[in-house]
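Everything below concerns the one structure shown next.
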Amino acid sequence: MNQIIEEKTFEVEVQQLVFNQRNYFKSNATRPVEFRLKQLKKLKALLLEHEDEMHEAIFNDFGKSKYENQLTEFFPLIDEINISIKNLKKWVQHKSVKTNLLNFPAKSYLVPEPLGVTLVIGAWNFPYNLSLTPLVGSMAAGNTTILKPSELPAETSKIMAKIINENFDPNYLRVVEGAIPETTALLKQRYDKIFFTGSPMVGKIVNRAAAEHLTNITLELGGKNPVIFHKDAALKTGVKRMIWSKFVNSGQLCIAPDYALVHKDVKEEFLQLAVKEIEKANFSSGNNNFVQIINHRNFDRVVGLIDSKKVYYGGTYNREDRRINPTILHNVSLDDAVMQEEIFGPLLPVIEYATIDEAFEIIKDIEKPLAAYLFSDSNAVKERFLNEIPFGSGAINDSVMQVTNPNIPFGGVGNSGMGRYHGKYSFECFSHFKGVLDKPTVIETNLKYYGYSEKQLKIIKALS
Ligand code: NAD
């Protein structure tokens with residue numbers, strides 16, 4: 001009974017929050033560029049002020065060191081704010097487009113406009129980045145925002161709530177903490193935009209809730225990301241780059257290579273180099289680079305994917321400490337458990353192929369991935385990779401690093417998501433571009449008016 005009352009009370013609070021944010025948005029307070037810049041600068045200052053607490057919180061949540069947090073979360077986030085501050089005055093301008101002859105004389109342009117009240121739902125694996133980077137886009141575009149960070153890293157969720165809720169007007173920005181019941185209550189409300197990061201399964205729930213109100217939606221989801229090592233790849237450098245990107249954050253990275261497709265001629269060398277690189281990285285408790293698995297549920301799920309008969313390297317773990325040593329599985333077949341779901345942990349299954357067609361076929365038989373990577377020196381293979389393999393974003397002779405370039409939009413395709421963000425794409429993601437035809441009144445043509453004739457039609461056809 002008490003739980004029902006609590007849920008109802010929460011629902012009413014959320015309803016009131018959305019109502020207040022909508023009224024605030026309608027007041028036009030968030031539209032002026034100066035307002036947006038002031039708020040972005042304030043957010044940046046607050047993050048810098050609370051930097052140490054933020055590092056401490058994420059370390060307590062899943063053992064992520066200050067060094068790695070700075071590298072993969074904090075610096076990119078501050079960079080995103082800087083880019084928005086630097087470019088906002090340019091982004092908000094009307095964008096001219098050509099006017100066709102039929103409408104001559106006139107001007108045509110697109111007017112970026114904020115969408116209104118937005119809901120951002122974050123995932124846990126890069127909790128600051130995946131909650132606050134979309135928030136920056138929403139603020140830059142002139143919206144009000146309700147942010148629901150992932151509940152799994154509890155301390156990072158708390159610190160984000162503290163920073164935002166103690167310093168911003170709730171009618172403008174508000175962090176609402178919570179898990180499934182709270183998110184379910186949030187999703188009952190009507191928003192003008194929902195930005196969701198998480199699993200495809202929950203993405204469908206969010207999509208259904210958005211459909212109820214025809215709400216604009218961006219879904220940043222996951223999937224099984226392939227990495228191909230062709231026989232002509234620069235193996236030493238390639239494996240070094242790939243191993244870092246696979247095991248950073250203990251493989252809990254949506255764009256990490258999920259499985260490796262390796263040409264049979266270079267497989268043995270690939271495996272040996274991979275082991276060398278893992279050993280060089282020296283993953284062990286207390287190191288800067290050995291992040292814990294987020295919780296025991298995920299720990300047990302990932303460990304359950306290890307087939308001891310297929311372990312080439314690693315395969316060991318410590319449940320109490322929630323750490324799994326980097327593991328390479330070989331002789332993996334497509335029927336193995338590790339190939340049935342997104343791994344999201346430090347296991348690298350290696351599958352051997354004989355022809356590039358065979359490798360491409362394997363990728364095409366799995367849902368469209370969020371990212372794909374190719375290591376090869378052949379221009380023909382690169383061309384085919386780009387033309388034949390669907391993926392959200394990717395790299396050639398590198399992996400994961402595309403995400404650090406704000407000029408490359410970030411987002412999935414098909415089962416790995418819809419929509420894109422980062423840099424100016426974040427501004428676009430949270431804006432609507434009104435298309436406008438702007439005509440002078442001094443000249444008037446009579447082509448479209450009643451009194452239709454064949455001659456009129458011919459002229460219109462020629463001008464169209
Ligand atoms: P998740 O889908 O379990 O949770 C994401 C968010 O949804 C959380 O805030 C959570 O509280 C909420 N949620 C969970 N279950 C819900 C439900 N039944 N109803 C309503 N809300 C619910 O995902 P996760 O475990 O946090 O993250 C892992 C997944 O996210 C992986 O699939 C990964 O690939 C993907 N991911 C994608 C990106 C990206 O940018 N594309 C980034 C990180 C993670």
Side-chain angles (χ1 to χ4, degrees), residues 7 10 14 61-62 72-73 76-77 80 119-135 137 146-154 156-157 160-161 175-189 194-210 217-225 248-258 293-299 301-302 341-345 366-372 391-394 400 402-404 408-422 425-426 429:
E7 278 175 18
F10 182 79
V14 165
D61 279 332
F62 57 116
T72 64
E73 295 243 45
L77 180 56
E80 186 78 12
L119 172 67
V120 172
I121 303 174
W124 57 263
N125 53 328
F126 289 85
Y128 296 129
N129 224 320
L130 299 173
S131 300
L132 300 176
T133 302
L135 173 68
I146 296 170
L147 167 63
K148 208 298 287 178
S150 171
E151 71 283 12
L152 298 187
T156 62
S157 172
M160 285 189 274
V175 172
V176 175
E177 290 190 271
I180 297 178
E182 289 78 10
T183 319
T184 306
L186 281 164
L187 285 171
K188 284 189 185 151
Q189 299 305 314
I194 300 177
F195 186 105
F196 171 80
T197 304
S199 58
M201 193 192 83
V202 181
K204 288 177 192 169
I205 296 173
V206 174
N207 203 347
R208 279 195 284 271
I217 189 164
T218 296
L219 298 176
E220 295 285 340
L221 311 176
K224 284 188 87 62
N225 307 319
V248 68
N249 218 38
S250 281
Q252 303 169 115
L253 168 61
C254 56
I255 51 167
D258 183 279
I293 303 298
I294 186 68
N295 57 15
H296 281 109
R297 192 166 150 253
N298 267 290
F299 178 93
R301 182 187 60 76
V302 176
E341 61 182 83
E342 180 184 3
I343 299 168
F344 225 59
I366 299 175
E367 292 280 8
K368 292 178 185 172
L370 183 61
F391 55 84
S393 70
V400 164
Q402 77 275 12
V403 72
T404 63
I408 295 179
F410 186 77
V413 55
N415 205 61
S416 58
M418 57 181 82
R420 53 197 198 161
Y421 75 129
H422 285 190
Y425 301 101
S426 287
C429 172

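Counting starts at 1 for both ligands and their atoms, in listed order. Values reported hereafter were calculated over all heavy atoms of this structure, with side chains retained and with hydrogens, waters and symmetry mates removed.
- Looking only at protein heavy atoms, the nearest one to atom 32 (O) of ligand 1 is E342 OE1, 2.7 Å.
- Heavy atoms only, all atoms of each residue included: I217 and A210 are closest at CD1-CB, 3.8 Å.
- Atom 4 (O) of ligand 1 lies below 4.0 Å from none of the non-hydrogen atoms of the protein.
- Nearest residue to atom 28 (C) of ligand 1 from Y421, F410, F344 is F344 (criterion: closest heavy atom).
- With a 4.0 Å cut-off on non-hydrogen atoms, I255 does not touch ligand 1 at all.
- With respect to atom 38 (C) of ligand 1, the closest heavy atom belonging to the protein is C254 SG, 3.1 Å.
- Checking side-chain atoms of N225 against main-chain N and O of A371 turns up a donor-acceptor pair under 3.5 Å.
- Looking at every heavy atom in both residues, E220 comes nearest to F410 through OE2-O, 3.2 Å.
- Residue, atom and distance of the protein heavy atom nearest to atom 37 (C) of ligand 1 are L221 O, 3.2 Å.
- Under a 4.0 angstrom heavy-atom cut-off, S150 registers as being in contact with ligand 1.
- Contact detail for M160 and P127: the closest heavy-atom pair is CE-O, 3.4 Å.
- From the protein, the heavy atom lying nearest to atom 19 (N) of ligand 1 is I180 CG2, 3.9 Å.
- Both the backbone and the side chain of T197 come within 4.0 Å of ligand 1, judged by heavy-atom distances.
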Start with the C-alpha distance between Q402 and S393, add both sets of side-chain angles, then the distance that settles side chain to side chain donor-acceptor pair (under 3.5 Å), and finish with yes or no. CA-CA 7 Å; Q402 77 275 12; S393 70; 3.1 Å; yes
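- Heavy-atom minimum distance, V14 versus Q189: CG1-CG, 3.6 Å.
- In this structure, atom 2 (O) of ligand 1 lies nearest to the protein heavy atom S199 OG, 2.6 Å.
- In terms of protein heavy-atom proximity, atom 25 (O) of ligand 1 is closest to W124 NE1, 2.8 Å.
- Taking 4.0 Å as the cut-off, F126 does not count as a neighbour of ligand 1 on heavy-atom distance.
- Here the shortest heavy-atom pairing between V302 and F344 reads CG2-O, 4.0 Å.
- With a 4.0 Å heavy-atom cut-off, ligand 1 is reached by the side chain of L370 but not by its N, CA, C or O.
- At the shortest separation from atom 35 (C) of ligand 1 among protein heavy atoms lies G198 O, 3.2 Å.
- For atom 15 (N) of ligand 1, the nearest non-hydrogen atom of the protein is V202 CG2, 3.4 Å.
- At least one heavy atom of G122 sits less than 4.0 Å from an atom of ligand 1.
- Contact annotation for E151 and ligand 1: only side-chain heavy atoms (C-beta onward) come within less than 4.0 Å of the ligand.
- Proximity of L253 to ligand 1, defined as any heavy-atom pair under 4.0 Å, is not found for any part of the residue.
- Ligand-side atoms of ligand 1 in range of K148: 8 (C), 9 (O), 10 (C), 11 (O), range being under 4.0 angstrom from any heavy atom.
- Each of K148, E177, E151 was evaluated against S157; a single residue qualifies, E177, per the side chain to side chain donor-acceptor pair (under 3.5 Å) test.
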